Amino acid sequence: MMNKLMACTAGLLLAGTASLAVAQVSPEDQIEFRKAGYSFMSWNMGKIKAQVVEGSVPYDQAQVAAAANAIAGIANSGMGALYGPGTEQSVGAQKTRVKPEFFTQKEEVAKVAIAFNQAANNLAKVAAGGDKAAIAQAFGEVGKSCKGCHDKFRMDE
């Protein structure tokens with residue numbers, strides 16, 4: 001079942017053609033929405049990092065689990081549909097840092113997408129258990145999966 005979910009998610013990421021949804025969202029809005037999703041994930045990653053990795057904020061298992069669920073929710077939301085035609089470059093007020101290779105290297109995109117989804121889902125599962133050491137390890141795997149995509153498909157500022 002999980003492999004089917006990953007395959008479906010990868011398919012959405014690759015195709016970027018949830019055609020009805022994309023047809024209703026302009027390229028400029030697609031870029032804005034995907035950037036918002038990544039910003040929200042980053043904010044939640046920061047909450048986990050502060051509580052579990054750095055210890056700069058007191059650990060609250062419920063907050064960490066909620067943050068992990070938010071990350072997994074976005075990872076599984078079909079954001080690949082927000083990489084439709086016309087979003088391979090900045091549009092209007094929306095700047096994008098996606099490399100052109102993202103739109104041509106579909107097999108590599110699928111690999112990084114699957115790795116990210118698996119890591120995000122695992123983080124949510126582990127966070128529900130409350131074991132800080134296990135959460136820290138799962139958090140690190142999510143970070144590696146993010147970096148894997150950034151290194152290949154995101155331009156420097």
Side-chain angles (χ1 to χ4, degrees), residues 2 4-53 57 62-128 135 138-157:
M2 186 58 88
K4 286 182 183 179
L5 176 63
M6 291 301 137
C8 289
T9 301
L12 282 176
L13 272 169
L14 283 176
T17 57
S19 54
L20 182 57
V22 172
Q24 297 173 354
V25 180
S26 71
E28 187 173 7
D29 285 344
Q30 288 179 54
I31 294 169
E32 180 181 9
F33 297 160
R34 73 186 187 215
K35 286 169 43 179
Y38 293 125
S39 292
F40 188 63
M41 280 193 288
S42 177
W43 178 62
N44 281 285
M45 290 286 287
K47 290 192 286 186
I48 296 170
K49 183 178 180 182
Q51 292 184 43
V52 177
V53 178
V57 174
Q63 286 181 1
V64 168
N69 286 331
I71 294 164
I74 293 172
N76 292 291
S77 70
M79 279 184 54
L82 297 174
Y83 287 88
T87 68
E88 63 279 355
Q89 59 190 1
S90 298
V91 179
Q94 292 303 317
K95 307 299 178 213
T96 184
R97 293 169 49 195
V98 68
K99 290 180 178 178
E101 296 88 334
F102 182 90
F103 296 90
T104 60
Q105 296 180 5
K106 295 183 186 297
E107 287 182 21
E108 276 302 306
V109 171
K111 287 179 190 175
V112 297
I114 289 169
F116 173 66
N117 283 30
Q118 289 175 337
N121 289 334
N122 184 57
L123 176 60
K125 178 182 172 186
V126 171
I135 295 168
F139 176 83
E141 293 302 314
V142 172
K144 285 180 192 174
S145 70
C146 292
K147 183 175 177 4
C149 186
H150 292 182
D151 287 350
K152 291 179 183 178
F153 299 115
R154 188 171 80 169
M155 292 183 267
D156 295 332
E157 288 191 64

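Given the structure is predicted, the values throughout are model-derived calculations rather than measurements.
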Item checked: Considering all heavy atoms, the nearest F103-G84 contact -> CE2-O, 4.3 Å

Next item on the list: With the side chain counted from C-beta on, respond yes when T87 and L82 share a heavy-atom pair under 4.5 Å apart, and no when they do not.
Entry: no

Notebook entry, point to check: Are F33 and M79 close enough that some pair of their side-chain heavy atoms sits under 4.5 Å apart?
Noted result: no

Check: Counting distance only, does the side-chain N/O of Q89 pair as donor-acceptor with the main-chain N or O of T96 below 3.5 Å?
Finding: no

Next item on the list: For the pair D29 (side chain) and V25 (backbone), establish whether a donor and an acceptor sit closer than 3.5 Å, ignoring hydrogens and angles.
Entry: no

Check: Short question: side chain of S39, backbone of K35 - any donor-acceptor pair under 3.5 Å?
Finding: yes

Check: Can you tell me how far CG of N121 sits from CD1 of I71, rounded to the nearest 0.5 angstrom?
Finding: 11.5 Å

Margin query: Would you say that I48 contacts L123 through its side chain, given a criterion of any heavy-atom pair below 4.5 Å between the two side chains?
Written below: yes

Check: Above 12 or not: heavy atoms from other molecules or residues under 6.0 Å from NZ of K95?
Finding: yes

Check: With a 4.5 Å limit on heavy-atom distance, are the side chains of M45 and V142 in contact?
Finding: yes

Next item on the list: Report the distance from atom CD1 of I31 to atom OG of S90, rounding to the nearest 0.5 Å.
Entry: 6.0 Å

Margin query: Any non-hydrogen side-chain atom of E101 less than 4.5 Å from a side-chain atom of K152?
Written below: no

Next item on the list: Provide the closest heavy-atom pair for I74 versus G37 in the form atom of the first, atom of the second, distance.
Entry: CD1-O, 3.7 Å

Notebook entry, point to check: Hey, what do you get for NZ (K106) to CD (E108), rounding to the nearest 0.5 Å?
Noted result: 13.5 Å

Checklist line | Value rounded to 0.5 Å, distance of NZ in K99 from NE2 in H150 | finding: 11.5 Å

Check: With no hydrogens and no angle check, is any side-chain donor or acceptor of N122 less than 3.5 Å from a backbone partner on Q118?
Finding: no

Checklist line | K147 atom NZ, over 12 foreign heavy atoms within 6.0 Å | finding: no

Note to self: We want to know whether N44 and K47 form a side-chain donor-acceptor pair, criterion being a heavy-atom distance below 3.5 angstrom.
What the structure shows: yes

Checklist line | Parallel, tilted or perpendicular: rings of F102 and F153 (30°, 60°) | finding: perpendicular

Note to self: Taking the side chain as everything from C-beta on, heavy atoms only, tell me whether F116 gets closer than 4.5 Å to C149.
What the structure shows: no

Next item on the list: Indicate the atoms forming the closest heavy-atom contact of G86 with P27, along with that distance.
Entry: O-CB, 3.6 Å

Checklist line | Residue pair A127 / A68: nearest heavy atoms and the distance that separates them | finding: CB-CB, 3.6 Å

Next item on the list: For the residue pair K49 and F139, establish whether any side-chain heavy-atom pair is separated by less than 4.5 Å.
Entry: yes

Next item on the list: Kindly give the heavy-atom pair with the smallest separation between E28 and Q94, and that separation in Å.
Entry: O-CG, 3.3 Å

Next item on the list: Measure the shortest side-chain to side-chain distance between V98 and R154 over non-hydrogen atoms and say whether it is less than 4.5 angstrom.
Entry: no

